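Down below is the structure, laid out as structure tokens.
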Amino acid sequence: MEFAELIKTPRADNVALHRPFYPAVEGTLCLTGHHLIFSSRRQDNAEELWLLHSNIDSIEKSRFVGSLGTIIIKCKDLRIIQLDIPGMEECLNIASSIEALSTLDSVTLMYPFFYRPMFEIVEDGWRSFLPDQEFELLSSVTDEWRLSCINKEFSVCPSYPPVVIVPKSIDDEALRKVAMFRHGSRFPVLSYYHKKNGMVMMRSSQPLTGTNGRRCKEDEKLINATLRPGKRGYIIDTRSLNVAQQARAKGGGFEQEAHYPQWRRIHKCIERFHILQESLIKLVEACNDQSHNMDRWLSKLEASNWLTHIKEILTAACLAAQCIDREGASVLVHGTEGTDSTLQVTSLAQIILDPRCRTIHGFESLVVREWLQAGHPFQQRCAQSAYSNSKQKWEAPVFLLFLDCVWQILRQFPCSFEFNEQFLIMLFEHAYASQFGTFLGNNENERSKLKLPQKTMSLWSWVNRSEELSKFQNPLFEANSLVIWPSVAPQSLQLWEGVFLRWNRPSKFLDEAQEEMISIIRYNKELQAKVNALRRQLAEMETDERMQENL
């Protein structure tokens, strides 16, 4: 298919661009196969807007005033722009062209397959975070685990990577039997090893116990292989007990205590799919409400339940971290499929426990390991954002909720993260629409079939260049080797303004507020350093006095 066939009117002059808190700009609008490009005509302040068609969530055609037509474009990154286009035919043509170009069915027609970088490629991001590199770090502290290639050619589990880390005592034949006992063949694999005490966190999907209480001895052996002698473990099920029990009628279920006597099962309900998508839609609607009525705003914010979902996810992650670090117990996390709430919990628990995950490179590794390689279906979940008018299928802001939870922790521990808020916002934007192939596909199997490493550029190849990294570095960062325990009290959780309100207020205001916050924290740090220096001087003086007395 030629993109030219979908572009009825490639160019329109005298188009007016309207955005909140910016003056209207007049210029030329051009449509290409992948971009909407607006270029202003003002010589004193030339401006260009490049918008990926894949970033467009919905398009609305307003009624005409004379020969002037209006198009309202709502984007997946939550911005809204308005275009006033002269000529009824031109306006209708442009609207239908944008609609067609923003809803292409074939993944291979998307921009990452056509994008050619203008920068020098220093690092191949597709090879930056391979499983064998992660296993090398693990094998330097323990020899109880092995790399299994059982899923080579994706023959055992279609949503797992070709290589997984499993207990050394469990052979591949046993893994095949366990895979048949788990939903979608997602058998338990290593997610995190806690160096402090040797405890581990594993993740999987639900067991297929069914109404007959089916069991699998190989599954029991695999999970028990992670326990120390005389120790108990915890199974954190991200469904309510009622939902887990209902799953048995469909062939699913949960681990029976009689067959897993050394494990205690805890249910921590985290919502899924349409409930989360509706929550996002309600939140964005509340944020765009310009009525300025305080009661209305607070009521709408509460009705969205967004911060409630944040609290539920963080609570489950803190529980997993507490079991590992304070209880000295290993943990298995799963929900139904093990591709959504499970990954939110395992990745957030690692941010709490592991200082490496709070660095830029470590966080990138976490996203690759716990989201991309672990089989989170980005293509399905991020197909729509908050404005789409089409019927929901598998869309859900699972990854955005994870990033929001990370931002909540970053806000509470502003000096413990090497990256800043802009880094998280950048990941949100690229998960929904990007020139890079990193977030295309639903799992490693699909990415392999699409030959993404050969045909597209990795996001990490661009981000990890020194000139880009500097934009995402936190100036307040001081390496903190401790476990950090975020507060999940309602008073401690805030709306992520950087995502949900950034298009609804002047950017200058945000920049000034951020600079002021940074200067205050810097001043406090300098003050603390001076206090510590004075304490050291006093201690030295006291030591000198004692020495004089002894003489």
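In this text, all values refer to a predicted model and were calculated from it rather than measured experimentally.
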Practice problem: Determine, using ring centers only, whether Phe363 and His361 are less than 6.0 Å apart. | Solution: no
Practice problem: Answer yes or no: is there a side-chain heavy-atom contact under 4.5 Å between Thr336 and Arg239? | Solution: yes
Quiz item: Should the pair Arg447-Glu444 be classified as a salt bridge under the 4.0 Å nitrogen-to-oxygen rule?
Solution: yes
Quiz prompt | Steps toward side-chain hydrogen bond (donor to acceptor under 3.5 Å, both in side chains) verdict (Gln350, Ser191) | solution = CA-CA 9 Å; Gln350 290 179 60; Ser191 173; 3.2 Å; yes
Quiz item: Would you say the side chain of Phe436 lies within less than 4.5 Å of the side chain of Trp460, judging by non-hydrogen atoms?
Solution: no
Quiz item: Between Gly441 and Gln379, which heavy-atom pair has the shortest distance, and what is it?
Solution: N-OE1, 2.6 Å
Quiz item: Judged by modelled atom types alone, do Arg186 and Ser159 share a side-chain donor-acceptor pair under 3.5 Å?
Solution: yes
Quiz prompt | Under 3.5 Å donor-acceptor, Arg265 side chain and Ile236 backbone | solution = no
Quiz item: Distance from Met180 atom CE to Leu175 atom CG, nearest 0.5 Å?
Solution: 13.5 Å
Quiz item: When rounded to the nearest 0.5 angstrom, what distance separates CD in Glu429 from CG in Leu403?
Solution: 11.0 Å
Exercise. Please confirm whether the backbone N or O of Thr342 pairs with a side-chain atom of Thr346, one donor and one acceptor, at under 3.5 Å?
Key: yes
Quiz item: So, Asp340 and Arg381, do they make that salt bridge, N to O below 4.0 Å?
Solution: yes
Practice problem: Verify the distance criterion only: is there a donor paired with an acceptor across the side chains of His309 and Gln344 at less than 3.5 Å? | Solution: no
Quiz item: Would you say Ser385's side chain and Lys76's backbone share a donor-acceptor pair under 3.5 angstrom?
Solution: yes
Quiz item: Any salt bridge between Lys449 and Glu446, counting N to O under 4.0 Å?
Solution: no
Quiz prompt | Pairing of Lys268 and Asp237 as salt bridge, 4.0 angstrom limit | solution = no
Quiz item: Are Leu366 and Phe129 side-chain neighbours, meaning at least one heavy-atom pair lies under 4.5 Å?
Solution: no
Quiz item: Does any donor atom in the side chain of Ser492 or Gln412 lie under 3.5 Å from an acceptor atom in the other side chain?
Solution: no
Practice problem: Provide the full list of side chain to side chain donor-acceptor pair (under 3.5 Å) pairs with a residue in residues 270-284, sequence neighbours left out, each pair given once. | Solution: Arg272-Glu337
Exercise. Using a strict cut-off of less than 4.0 Å between a Lys/Arg side-chain nitrogen and an Asp/Glu carboxylate oxygen, indicate whether Glu134 and Arg369 qualify as a salt bridge.
Key: yes
Exercise. Compute whether any side-chain donor of one residue and acceptor of the other, for Trp496 and Glu421, lie under 3.5 angstrom apart.
Key: yes
Practice problem: Report yes if some heavy atom in the side chain of Ile351 is under 4.5 Å from a heavy atom in the side chain of Phe417; otherwise report no. | Solution: yes
Practice problem: Taking Asn212 for its side chain and Arg214 for its backbone only, find out whether a donor-acceptor pair lies under 3.5 Å. | Solution: no
Quiz item: Got a donor-acceptor contact below 3.5 angstrom from the Ser388 side chain to the Gln384 backbone?
Solution: no
Quiz item: Quick one: does Ser205's side chain have a donor or acceptor within less than 3.5 Å of a partner on His183's backbone?
Solution: yes
Exercise. Could you tell me whether Asp325 and Lys196 have a side-chain N and a carboxylate O separated by less than 4.0 Å?
Key: yes
Exercise. Spell out, as yes or no, whether a donor-acceptor pair under 3.5 Å connects the side chain of Gln206 to the backbone of Gly253.
Key: yes
Self-check item: Tyr111 OH to His34 NE2 distance, which is reported to the nearest 0.5 Å
Solution: 8.0 Å
Self-check item: Non-hydrogen atoms of Pro414 and Asn474 that approach each other most closely
Solution: O-ND2, 2.7 Å
Quiz item: Do the side-chain N and O atoms of His430 and Tyr432 include a donor-acceptor pair separated by under 3.5 angstrom?
Solution: no
Practice problem: Using a 4.5 Å cut-off on heavy atoms from C-beta on, say whether the side chain of Leu190 contacts that of Leu138. | Solution: yes
Quiz item: Counting distance only, does the side-chain N/O of Asn443 pair as donor-acceptor with the main-chain N or O of His376 below 3.5 Å?
Solution: no
Exercise. Looking only at non-hydrogen atoms, find the nearest pair between Ala349 and Ala317 and report the distance.
Key: CB-O, 3.8 Å
Quiz item: What are the two closest heavy atoms between Gly498 and Ile425, and how far apart are they?
Solution: O-CD1, 3.5 Å
Quiz prompt | Any donor-acceptor pair under 3.5 Å from Trp462 side chain to Gly125 backbone | solution = no
Quiz prompt | Nearest atoms (heavy-atom pairs only) where Leu78 meets Ala386 | solution = CD2-CB, 4.0 Å
Exercise. For the residue pair Phe378 and Phe399, categorise the inter-ring angle as parallel (less than 30°), tilted (30 to 60°) or perpendicular (more than 60°).
Key: perpendicular
Self-check item: Stepwise side-chain hydrogen bond (donor to acceptor under 3.5 Å, both in side chains) check, His53 with Glu99
Solution: CA-CA 9 Å; His53 294 313; Glu99 207 158 7; over 6 Å; no
Self-check item: Any Glu364 side-chain heavy atom under 4.5 Å of Phe423 side chain
Solution: yes
Exercise. For Phe500, check ring pair (Phe, Tyr, Trp, His ring centres under 6.0 Å) against everything at least two apart and list the hits.
Key: Trp306
Quiz item: Any side-chain heavy atom of Cys357 within less than 4.5 Å of one from Asp354?
Solution: yes
Quiz item: Pairs in or reaching into residues 148-158: which pass side chain to side chain donor-acceptor pair (under 3.5 Å), with residues at least two apart or in two chains?
Solution: Ser148-Asp172
Quiz prompt | Any donor-acceptor N or O pair under 3.5 Å, side chains Glu123, Ser128 | solution = yes
Quiz item: If you measure from CD on Glu395 to CG on Asp57, what distance do you get to the nearest 0.5 Å?
Solution: 9.0 Å
Quiz prompt | Sidechain N-carboxylate O distance under 4.0 Å for Glu285, Lys300 | solution = yes
Exercise. Mind listing the closest non-hydrogen atom pair of Val483 and Arg358 along with its distance?
Key: CA-NH2, 4.1 Å
Self-check item: Check: Leu137 main-chain N/O paired with Ser140 side-chain donor or acceptor under 3.5 Å
Solution: yes
Exercise. From the options Val178, Asp171, Ile170, select the one residue that forms a side-chain contact (heavy atoms from CB on, under 4.5 Å) with Glu218.
Key: Val178
Exercise. Drop me the distance from Glu327's CD to Leu319's CG, to the nearest 0.5 angstrom.
Key: 9.0 Å
Quiz item: Heavy atoms, side chains only, cut-off 4.5 Å: are Asn445 and Pro162 in contact?
Solution: no
Exercise. Would you please indicate if the ring centroids of Phe187 and Phe181 are separated by under 6.0 Å?
Key: no
Self-check item: Derivation of the side-chain hydrogen bond (donor to acceptor under 3.5 Å, both in side chains) call for Asp219 and Tyr260
Solution: CA-CA 10 Å; Asp219 187 85; Tyr260 300 84; 2.5 Å; yes
Quiz prompt | Atom pair CD (Glu220) and CD (Gln262), whose distance is rounded to the nearest 0.5 Å | solution = 11.0 Å
Quiz item: Where do Trp145 and Tyr193 land on the ring pair (Phe, Tyr, Trp, His ring centres under 6.0 Å) test, with the steps shown first?
Solution: CA-CA 10 Å; Trp145 299 83; Tyr193 180 89; 7.4 Å; no
